[in-house]
Chemist: 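Sending over a structure as structure tokens; questions will come in a sec.
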Amino acid sequence: MGAPTIKFGTDGWRAVIADQYTFDNLERVTRATASWLRDTYGGDPKVVIGHDTRFLGRAFVERTAAVFADEGIASIVAQDFATTPAISWATEAYGAQAGIVITASHNPPQYNGFKIKAHYGGPASPDMIAEVENRIGEQQDRALERYDKLLAGPMVEERDVTADYKRILSERIDLDAIKEAGIRIAHDAMYGAGQGVIVDLLGNDRVVQLHAHRNPGFMGQAPEPIENNLGELARAVVDQKCGVGIANDGDADRVGMYDEKGNFVSSHLLLALLVKYLHEHRGLTGSIVKTFSTTHMLDRMGEAYGLPVDTTKIGFKYIASKIVDGDVLVGGEESGGMAVKGHIPERDGIYIGLLVTEMLVQRGKSLSELVDELYQQFGPHFTYRFDAHTDEATKQAVLERLGEGGGLTRISGMDVTDFQTLDGYKHLGDGGWLLVRP
């Protein structure tokens, strides 16, 4: 029986630990990545490697570094757990050809994963991932050098990546203004790699920390910063009289936010607020890049500001390629991942949370007031997502009905005037839309 097939999803390879996510399969993926690096960059490529707070993260990192060393590729390894954006930044800043993050991001605790970051400090492109996938072969039975011995040689070096990255955040966010304003922040790290970062930057007197310790089981809850998972944060914002609540997923590339009243502020609204702040108040320009499932308020803002709007398939890797190749002001998706001009071409949940906090301070308004201002200027826009769990036969029947039938013609009394299939089945009418996507 051959080795199992390994496929990368929208952002890396993820699998259940001790099932498909094994040391043997990790080695197969690492050797495929090494082959791609050598063929693409030649010479002596190097990689940056990090992990989040998941079970066996450090052991998986050490095995990954040992395999790369066996393949003749040097590694810079984060000393302790680190966020995905920190590894992405370090990949470009340290002059590496790729970054590897051992993380399953927001997936349930039984998962781990393998994310590949490109030399430019953002997600590897679909073409890069395809090159790696095509090289994944059988397990090779070769003895590897012990990690502690590798540390004594030229192939593996450890660095405090998180400390370096915190210095970058302190340069790119007006932390002094936040401190002087006296605003308090509630930060829910969801037991993930973002724990401690915001309090280190702003101090204990400004930050109320939640779930900021190591717990590889995440208390049985997938570390995904969506409203249903953040009731404790909402209460903490109100009870502790905080001006804003920030939540990050397991590797801190996504963000979820609450206003001072304990109301959830969706990613759709955060993206719109960032466009308004960066364009109107910082005077920046560039295109607005959004995924197929993201609010049409951004289209209206593009028209008002004279900024081009580009819609991509769902997955931040499609946005990252636009940022790398063009002039992008704000890029983001409805699942809490966003990037802005002046930072890395990568989702960064901590940076975005602090940037929104800076916005409140600089504008002199609360987050709820800024949302109301947005509605007054561009009209109220509301979005709702429903995840329907069903059997395969029913799912395929729905997709066949939509695909072959050309979509629905009328929804909730609204005539469907346009039907788009960029990534799923999107029905548009007068003032609304419905996207159905498997």
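Throughout, numbering of the chain's residues begins at 1 and tracks the sequence. Below, each value reflects all heavy atoms present in this structure, side chains not excepted, and no hydrogens, waters or symmetry copies.
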Chemist: Give the minimum heavy-atom separation between K317 and G9, together with the two atoms involved.
Modeler: NZ-O, 3.5 Å

Chemist: Does this structure show an ion pair linking E171 with R167, if we count only N-O contacts that are shorter than 4.0 Å?
Modeler: no

Chemist: Could you tell me if R54 and N112 have a donor-acceptor pair between their side chains, going purely by distance under 3.5 Å?
Modeler: no

Chemist: Looking only at heavy atoms, which two atoms of T294 and G332 are closest? And how far apart?
Modeler: OG1-O, 3.9 Å

Chemist: Is it the case that the side chain of D423 and the backbone of I314 share a donor-acceptor pair, with hydrogens and angles ignored and the cut-off at 3.5 Å?
Modeler: yes

Chemist: Should Q110 and I17 be marked as a side chain to side chain contact (heavy atoms under 4.5 Å, CB included) after you check the CA-CA gap, both sets of side-chain angles, and the distance that decides it?
Modeler: CA-CA 6 Å; Q110 62 267 34; I17 299 168; 5.9 Å; no

Chemist: Please answer whether the main-chain N or O of L370 pairs with a side-chain N or O of R363 as donor and acceptor at a distance below 3.5 Å.
Modeler: no

Chemist: Is it the case that the ring center of Y375 lies less than 6.0 angstrom away from the ring center of F382?
Modeler: yes

Chemist: Distance alone, cut at 3.5 Å: any donor-acceptor contact between the side chains of D52 and T103?
Modeler: yes

Chemist: Can you check whether D251's main-chain N or O pairs, donor with acceptor, with N248's side chain at less than 3.5 Å?
Modeler: no

Chemist: Any luck finding a side-chain donor-acceptor pair between E392 and Q396 under 3.5 Å?
Modeler: yes

Chemist: Can you give me the closest heavy-atom contact between V156 and A65, atom names plus distance?
Modeler: CG2-CB, 4.3 Å

Chemist: Considering only heavy atoms from C-beta outward, does the side chain of V361 approach that of D174 to under 4.5 Å?
Modeler: no

Chemist: So, H381 versus T295: side-chain donor-acceptor pair below 3.5 Å or not?
Modeler: no

Chemist: Please confirm whether R172 makes a cation-pi placement over Y351, using NZ or CZ under 6.0 Å from the six-membered ring centre and within 45° of the ring normal.
Modeler: no

Chemist: Is a donor on one side and an acceptor on the other found under 3.5 Å between the side chain of D418 and the backbone of L428?
Modeler: no

Chemist: I need the L360 CG to I185 CD1 distance, nearest 0.5 Å.
Modeler: 9.0 Å

Chemist: Could you go step by step and tell me if K322 and D310 meet the salt bridge (Lys or Arg N to Asp or Glu O under 4.0 Å) rule?
Modeler: CA-CA 9 Å; K322 298 284 185 181; D310 197 350; 3.0 Å; yes

Chemist: Measuring from atom NZ of K179 to atom CG of D205, what distance do you get when rounded to the nearest 0.5 angstrom?
Modeler: 9.0 Å

Chemist: Before you tell me yes or no, could you show the steps for T83 and T162 under side chain to side chain contact (heavy atoms under 4.5 Å, CB included), namely the whole-Å CA-CA distance, both residues' side-chain angles and the distance that decides it to 0.1 Å?
Modeler: CA-CA 8 Å; T83 68; T162 298; over 6 Å; no

Chemist: Just checking, is any N or O donor in the side chain of Y277 or E358 under 3.5 Å from an acceptor N or O on the other one?
Modeler: yes

Chemist: Answer with yes or no whether the side chains of E334 and T291 bring together a donor and an acceptor at under 3.5 Å.
Modeler: no

Chemist: Does some side-chain heavy atom of I344 sit less than 4.5 Å from a side-chain heavy atom of P85?
Modeler: yes

Chemist: Should the ring pair F60 and Y21 be called parallel, tilted or perpendicular, given that the plane angle runs from 0 to 90° and is split at 30 and 60?
Modeler: perpendicular

Chemist: What distance do H211 atom NE2 and M219 atom CE have between them, rounded to the nearest 0.5 Å?
Modeler: 7.5 Å

Chemist: Would you give the length of the straight line joining atom OG1 of T417 to atom CZ of F419, rounded to the nearest 0.5 angstrom?
Modeler: 12.5 Å

Chemist: Just so I know, are the side chains of K341 and R282 near enough to count as touching, which here means a heavy-atom distance under 4.5 Å?
Modeler: no

Chemist: Verify, without hydrogens or angle tests, whether H427 (side chain) and L434 (backbone) share a donor-acceptor contact under 3.5 angstrom.
Modeler: yes

Chemist: Might you point out which heavy atoms bring I319 and G331 nearest each other, and give the distance in Å?
Modeler: CG2-CA, 3.9 Å

Chemist: In the structure I gave you, are the side-chain heavy atoms of Y191 and H213 within less than 4.5 Å of one another anywhere?
Modeler: yes

Chemist: Could you tell me if the ring centre of W89 sits under 6.0 Å from that of Y94?
Modeler: yes

Chemist: I'd like to know if the side chain of Q97 reaches the main chain of K46, judged simply by a donor and an acceptor atom lying under 3.5 Å from each other, with no hydrogens or angles considered.
Modeler: yes

Chemist: Measuring from atom OH of Y305 to atom CD1 of I288, what distance do you get when rounded to the nearest 0.5 angstrom?
Modeler: 8.5 Å

Chemist: Could you state the interatomic distance from NZ (K313) to CZ (R437), rounded to the nearest 0.5 Å?
Modeler: 10.0 Å

Chemist: Just by distance, do the side chain of K426 and the backbone of F292 share a donor-acceptor pair under 3.5 Å?
Modeler: yes

Chemist: Donor-acceptor pair, distance only, cut-off 3.5 Å: does the side chain of R28 make one with the backbone of P4?
Modeler: yes

Chemist: Donor-acceptor check, side chain of D253 to backbone of R347, threshold 3.5 angstrom: yes or no?
Modeler: no

Chemist: Going through the checks in order, is the side chain to side chain contact (heavy atoms under 4.5 Å, CB included) test met by K115 and S105?
Modeler: CA-CA 9 Å; K115 288 186 179 182; S105 191; 3.8 Å; yes

Chemist: Quick check: does any side chain N or O of S287 sit under 3.5 Å from a backbone N or O of D327, one acting as donor and the other as acceptor?
Modeler: yes

